[in-house]
Participant: 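Here it is: the structure, laid out below.
Just follow the structure's listing: the first ligand is 1, and inside any ligand the first atom is 1.
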Amino acid sequence: MPSESSPQDDRNTERKRRKFSSPDGRNVKWRLYTGATTFRKQDRVYVRPKSAREKGVAGRLIERLNDRKWKLRSDDHNEVLIVYENRMIPILSFPKTENHEKDPLSIIITAATKHYRQLAASQLCPQDAVLEIGCSTGETSEIIWNRASSWIGWDTSAEMTERTMSKHSSSCHRVCQKMNALSEPALAYQTVHQHQPATTAVWMDIGGNRDMNGVARMLHWILTSPFPALRLIVVKSEELVRELSSVPVNSEGILQMDGMEFLNQKRLEFCRLPRHPQQAPKVYSPTDPSLPICRYHNYHKKGCGKGSDCPFDHVHCHMCLEAGHVAMNCTKLTFD
Ligand SMILES: C[S@@+](CC[C@H](N)C(=O)[O-])C[C@H]1O[C@@H](n2cnc3c(N)ncnc32)[C@H](O)[C@@H]1O
Ligand SMILES: [Zn+2]
Ligand SMILES: [Zn+2]
């Protein structure tokens with residue numbers, strides 16, 4: 001007779017499942033990329049070309065020949081090639097499968113722009129549809145354009161989006177916009193949904209290396225927005241790398257932590273009570289991305305004057321998004 005699991009076992013399994021999952025239950029693998037890698041037989045790698053005019057080669061390592069060279073089988077033509085280790089970049093993400101709701105989602109975090117761009121050159125495949133947040137003048141965008149089937153680029157600065165747009169010939173598969181998903185999460189989501197519903201990868205570099213809060217909020221927005229085809233997120237943030245460098249990793253280099261818990265903590269670290277409800281940012285209901293959470297209900301001493309006639313969300317906390325309390329009573333709130 002099969003033994004039934006105890007409530008204690010259930011709780012442990014539940015905790016373990018949550019620890020490495022996104023809110024929609026996907027298996028999320030967080031790792032840091034520093035450029036220093038030990039390669040092993042069977043690893044998938046991308047080999048950088050000698051000049052920008054040539055194409056790189058992706059494939060699987062067959063065997064080490066000496067301390068500088070490896071034998072590799074290329075993906076494209078199944079050829080056996082001899083490649084130099086100093087040109088190799090590990091392929092760290094997982095390809096899409098038929099049943100893609102079950103595919104793991106990789107989050108790769110790097111501190112250096114050089115590595116952020118190397119990842120753009122090495123981790124994408126021609127089927128990828130990329131959202132680039134913080135495209136600036138389009139240096140990384142150009143690398144992505146050569147490797148993915150479609151692209152949306154955002155920047156909060158119109159000057160930047162104009163400069164990036166001037167670089168590419170107009171194409172319906174490339175859209176560059178002035179957009180800030182932190183201040184207009186619902187509009188931002190609608191835009192991606194309209195232009196590129198099957199977004200598979202996000203590249204994100206919103207600058208401000210000391211501003212962990214913005215980076216954490218943006219990552220939180222990505223992970224809580226429904227992007228069913230998403231397989232990879234690449235983040236450039238020195239501060240995030242510093243924060244995570246003491247987290248233990250397993251033998252595959254995956255960080256052993258509860259990623260959502262970490263993001264929630266960081267997202268809330270700088271939250272303060274606003275002096276007036278309208279000074280609080282617009283935040284949307286976790287159950288309806290077009291419905292703002294009522295700021296009077298959350299922050300006014302007397303609550304919301306409209307009571308049950310108020311069209312906004314009175315259910316969820318404006319601070320932590322959980323149901324059942326208002327931000328003024330939120331345990332996640334920090335005071336000066
Ligand atoms: C360091 S630059 C990005 C450089 C780019 N990755 C490259 O390889 O050249 C950061 C950019 O993020 C933009 N930015 C800052 N906050 C943003 C936000 N919330 N949404 C979109 N872009 C943002 C800035 O305007 C700036 O152009
Ligand atoms: Zn209200
Ligand atoms: Zn709360």
Participant: Near the Zn ion (ligand 3), is there an N/O/S atom from H318 that is less than 2.8 Å away?
Facilitator: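 For H318, the answer is no, given that no N, O or S atom comes within less than 2.8 Å of the Zn ion (ligand 3).
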Participant: Would you confirm whether the ring centroid of F227 sits within less than 6.0 angstrom of the ring centroid of Y189?
Facilitator: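 Distance test on ring centres: under 6.0 Å, yes.
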Participant: Side chain, backbone, both or neither: which applies to M218 and ligand 1 if a contact is any heavy-atom pair less than 4.0 Å apart?
Facilitator: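 Looking at M218 and ligand 1, just side chain atoms fall under 4.0 Å.
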Participant: Determine, stepwise, if the pair H316 / T287 fulfils side chain to side chain contact (heavy atoms under 4.5 Å, CB included).
Facilitator: CA-CA 9 Å; H316 297 97; T287 52; 3.6 Å; yes
Participant: Check each of M179, R117, M160, E159 against atom 21 (C) of ligand 1 and report the one with the nearest heavy atom.
Facilitator: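 Going through M179, R117, M160, E159 one by one, M179 has the nearest heavy atom to atom 21 (C) of ligand 1.
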Participant: Students should be able to answer this: which protein heavy-atom is nearest to atom 15 (C) of ligand 1, and at what distance?
Facilitator: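 Protein heavy atom with the smallest distance to atom 15 (C) of ligand 1: I206 O, 3.3 Å.
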Participant: What protein heavy atom sits nearest atom 20 (N) of ligand 1, and how far off is it?
Facilitator: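 The protein heavy atom lying closest is T156 CG2, 3.6 Å.
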Participant: Would you check if there is a donor-acceptor pair between the side chains of T199 and Q196 at a distance under 3.5 Å?
Facilitator: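 Yes, because at least one side-chain N or O of Q196 sits under 3.5 Å from a partner of the opposite role on T199.
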Participant: Please state which protein non-hydrogen atom is closest to atom 2 (S) of ligand 1 and give its distance, to 0.1 Å?
Facilitator: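 Protein heavy atom with the smallest distance to atom 2 (S) of ligand 1: S136 CB, 3.9 Å.
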Participant: Which of the protein's N, O or S atoms come within less than 2.8 Å of the Zn ion (ligand 2), not counting waters?
Facilitator: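 The answer, once waters are left aside, is C294 SG, C304 SG, C310 SG, H314 NE2.
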Participant: Which other residues belong to the hydrophobic cluster containing L72, where Ile, Leu, Val, Met, Phe, Trp and Tyr are joined when side-chain heavy atoms lie under 4.5 Å apart, directly or via other members?
Facilitator: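 For the cluster that includes L72, the remaining residues are F39, V45, V47, V57, L61, W70, L81, V83, M88.
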Participant: Just so I know, are the side chains of K236 and M204 near enough to count as touching, which here means a heavy-atom distance under 4.5 Å?
Facilitator: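 Counting from C-beta outward, K236 and M204 never come under 4.5 Å.
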Participant: Before we go on, tell me: are the rings of H318 and Y299 under 6.0 Å apart, centre to centre?
Facilitator: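 Ring centroids of H318 and Y299 are less than 6.0 Å from each other.
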Participant: Atoms of ligand 1 less than 4.0 Å from E139 heavy atoms?
Facilitator: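 Selected atoms, number and element: 9 (O).
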Participant: Is it the case that more than 12 heavy atoms not belonging to H325 sit under 6.0 Å from its NE2 atom?
Facilitator: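 Check passes, neighbour count above 12.
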Participant: Have a look at T140, D155, I133, T137 and point out the one with the heavy atom closest to atom 11 (C) of ligand 1.
Facilitator: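 Looking at heavy atoms only, the winner is D155.
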Participant: Passes side chain to side chain contact (heavy atoms under 4.5 Å, CB included), Q123 versus R147? Steps please.
Facilitator: CA-CA 9 Å; Q123 309 297 308; R147 285 162 177 86; over 6 Å; no
Participant: To the nearest 10 degrees, could you say what angle the Zn ion (ligand 3) makes with SG of C320 and SG of C330?
Facilitator: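 C320 SG and C330 SG form an angle of 110° at the Zn ion (ligand 3).
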Participant: With only distance considered, is N180 within less than 3.5 Å of ligand 1 through an N or O on each side?
Facilitator: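 N180 vs ligand 1: N/O contact under 3.5 Å present.
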Participant: Which bit of Y116 gets closer than 4.0 Å to ligand 1, counting heavy atoms only: side chain, backbone, both or neither?
Facilitator: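 It is the side chain that gets close, since no backbone atom is under 4.0 Å.
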Participant: Have a look at V215, T161, I144, D205 and point out the one with the heavy atom closest to atom 10 (C) of ligand 1.
Facilitator: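 Selected option, by shortest heavy-atom distance: D205.
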Participant: Is a side-chain donor-acceptor pair under 3.5 Å present for E132 with W203?
Facilitator: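 No pair is found: no donor N or O on one side chain lies under 3.5 Å from an acceptor on the other.
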Participant: For R64 and E85: C-alpha separation, side-chain torsions, deciding distance, then whether salt bridge (Lys or Arg N to Asp or Glu O under 4.0 Å) applies.
Facilitator: CA-CA 9 Å; R64 179 190 277 284; E85 181 160 317; 3.3 Å; yes
Participant: By the definition side-chain hydrogen bond (donor to acceptor under 3.5 Å, both in side chains), identify the one residue from T200, D103, D128 that meets it with R231.
Facilitator: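 When side-chain hydrogen bond (donor to acceptor under 3.5 Å, both in side chains) is applied between R231 and each of T200, D103, D128, only D128 qualifies.
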Participant: Step by step, work out the side-chain hydrogen bond (donor to acceptor under 3.5 Å, both in side chains) result for D76 and S74.
Facilitator: CA-CA 6 Å; D76 275 355; S74 77; over 6 Å; no
